[in-house]
Amino acid sequence: MLREPGGCFEQTSSNNYPNVMALQYMQTHSGVSPAVVARATAMLERGYAKLASFECKQRGYEWFGGDPGHEALTAYGVLEFHDMAQVMQIDGDMVKRTRTWLLARRDGKGGFQRNSRALDSFGRAPQDITEAYILWALLETATPGIEKEVAALKARATAAKDSYLSALAANALWLAKDEPFAKQLMARLAKAQRKDGAVAGAATSITRSGGSSLLVETTALAVLAWLRADGQHSAQVERAMQWIAASCQGGRFGSTQATILALKAINAYDASRAKVKAPGSIQLFLNGQPLHEVHFQANHKGTLQFPDLAEKLTPGTHTIRLEMKGGAPMPYSLAVRYAALTPASAPRTPVRVSASLPAATATEGEPVEVRVKLVSTSSEGLPMATAIIGLPGGLEPRAEQLKELVREGKADFIETRGREVILYWRSLAPEAVHELTISCIAEIPGRYEGPASRAYLYYTDEDKHWVDGLKLHIRAK
């Protein structure tokens, strides 16, 4: 789960915030390797320095550090810095001025003003969700003097049918000491829980996520609320936690917000429902036949793995069963990894990308232009979109030209990572078309094929559109 932070404020958080959650877990559980703790701490320090660099000149935070600050993203930052302060030293003055800026964005009517950037023109969350999220962040950090905003949230939540809004309000109103109303909202969430444990009934989230990410966010917020009520919703919590655990893929639970809220729910659940461990064994059955058995002691740390399973998964349908003797209830996951030069595109994604070269060959030292086109197929505005363009080896993008693309408004932010150029747009207008050219130099002779390019909505990253990698023959002079 530990990853090196990088990218914009939100993308840096997508790696840094899980590191915070992991370090919180390490510091409350014995037996964790000191080397792992040191690695996590070092990553957090680098992540914190990068996050702080995105503070706007006029205060508050924005994806790429440009004024004006963005209220909802700043509230997210307040939550992140609050959790980070529990495991490392951070600048208290920075946190104080960030909360002060957020409070200054109140409209005097129980709500908050909002950033006028394009993200809020096309991709913004509904007003009631934005204000509920900001208020939850302020209450989690014990911010005083927001009684008018609390009253406004209660009025909106009274008639709310949206589960995500109800979950935010349940957490916020409980923190505001209105426990009776918070419990009403928790009961409403219990009715929205599906048989598999997920909490349905949400239209969108603070990041306008969708699909599985939206389900994870809503369910995790519901768990955080239910855990406050002293066991009144134990059955709902157990089902929800089983569903959340099963939603993990490669150490992540979907988008950044989904992953963070899932980890917050897991840590809260672990702190309130931790069970006494006991020795035992787990036996793996494949297609009804016993394959392998792993024994463990009560003080076992880390994962229990069945390394000889993969080679037995031949083409076709298989049934896998785990059976535990002794032990105590514990989470489990099944991770399947495979490689494909061009993965299958998700049919639901509303963005399409194309990348092309003017010719299949180039001469060493010659300029090469990579033409990129991003298209929205939606008749509605969309939130933040990302396109990752794979470059053939031997091509070197010109850093100054990438900066010029941002200055010209061709993209809102661009960064490079390995053989890839990553493009960000804060939002997409209905049926938007963005075309640009990435200027490169053919540096090293050879025959190359770049990694596949892809595009997706940043907050629904399970749905990607993929295209084949670019091929280029660079001839020596």
Side-chain angles (χ1 to χ4, degrees), residues 21 79 125-126 128-133 135-137 139-140 150-248 253-255 257-275 329-332:
M21 298 290 102
L79 283 170
D128 53 356
I129 285 179
T130 299
E131 294 179 348
Y133 185 89
L135 192 58
W136 173 52
L139 288 164
E140 282 283 4
V150 169
L153 174 60
K154 182 175 181 179
R156 288 192 298 270
T158 299
K161 296 181 180 180
D162 185 275
S163 294
Y164 181 86
L165 177 60
S166 295
L168 280 176
N171 283 282
L173 271 296
W174 184 277
L175 292 167
K177 308 303 181 184
D178 192 345
E179 295 180 9
F181 185 70
K183 288 182 178 180
Q184 291 181 34
L185 295 174
M186 293 177 200
R188 187 184 301 172
L189 291 168
K191 292 180 180 178
Q193 188 177 39
R194 303 187 319 202
K195 291 183 179 179
D196 64 359
V199 177
T204 190
S205 72
I206 186 63
T207 55
R208 279 197 62 190
S209 58
S212 60
S213 291
L214 177 58
L215 270 179
V216 172
E217 290 177 54
T218 306
T219 305
L221 282 169
V223 168
L224 290 173
W226 287 332
L227 286 174
R228 302 180 192 274
D230 299 324
Q232 293 183 25
H233 292 281
S234 297
Q236 287 82 12
V237 168
E238 295 299 328
R239 290 202 304 273
M241 292 307 300
Q242 289 178 17
W243 182 85
I244 288 175
S247 301
C248 182
F253 297 82
S255 68
Q257 275 288 297
T259 296
I260 298 311
L261 291 175
L263 291 174
K264 287 176 77 73
I266 289 170
N267 274 356
Y269 174 81
D270 181 71
S272 63
R273 304 294 180 88
K275 295 178 174 62
M330 65 178 72
Y332 63 90

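For this chain, numbers begin at 1 and follow the sequence in order. Hydrogens, waters and symmetry mates play no part in the numbers below; they use all other heavy atoms, side chains included.
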All heavy atoms of L227 vs all of A265, minimum pair found to be CD1-O, 4.3 Å

Sorted by chain and residue number, the salt bridge (charged side-chain N to carboxylate O under 4.0 Å, His left out) partners of R239 (sequence neighbours excluded) come out as none

Correct closest heavy-atom pair for A202 and L214 would be O-CD2, 3.5 Å

Here the salt bridge (charged side-chain N to carboxylate O under 4.0 Å, His left out) pairs for residues 194-207, sequence neighbours left out, are R194-D196

Please list every donor-acceptor pair under 3.5 Å in which a side-chain atom of residues 183-192 meets a protein atom from a residue at least two apart or in another chain.
unit_1 : atom_1 : unit_2 : atom_2 : d
R188   : NH1    : A157   : O      : 3.0
R188   : NH1    : A160   : O      : 2.7
R188   : NH2    : T158   : O      : 3.2

Whether Q193 side chain and Q236 backbone form a donor-acceptor pair below 3.5 Å:
yes

For A172 and L139 the tightest heavy-atom approach is O-CD1, 3.2 Å

Hits for side-chain hydrogen bond (donor to acceptor under 3.5 Å, both in side chains) against S205, two or more places apart or cross-chain, chain-then-number order -> T207, S209, E217

Exactly one candidate in T219, L215, I206 meets side-chain contact (heavy atoms from CB on, under 4.5 Å) with Y164; the answer is I206

Of L261, N267, T259, the one forming a side-chain contact (heavy atoms from CB on, under 4.5 Å) with L263 is T259

Tell me, do L175 and W136 make a side-chain contact under 4.5 Å, heavy atoms counted? yes

Minimal heavy-atom distance between A258 and F253, with the atoms involved, is CB-O, 3.4 Å

On a heavy-atom basis, the closest approach of N171 and A225 is OD1-N, 3.3 Å

Those residues at least two apart in sequence (or on a different chain) that pass side-chain contact (heavy atoms from CB on, under 4.5 Å) with S212 are E462

By salt bridge (charged side-chain N to carboxylate O under 4.0 Å, His left out), D178 pairs with (sequence neighbours left out) K154

Contacts of K264 meeting salt bridge (charged side-chain N to carboxylate O under 4.0 Å, His left out) (sequence neighbours excluded), chain-then-number -> D83

task: List the steps and the verdict of side chain to side chain contact (heavy atoms under 4.5 Å, CB included) for W243 and V216.
output: CA-CA 9 Å; W243 182 85; V216 172; 3.7 Å; yes

Heavy-atom nearest pair, Q257 first then Y133, reads NE2-OH, 3.4 Å

Residue set satisfying salt bridge (charged side-chain N to carboxylate O under 4.0 Å, His left out) with R156, at least two apart, ordered chain then number -> E131

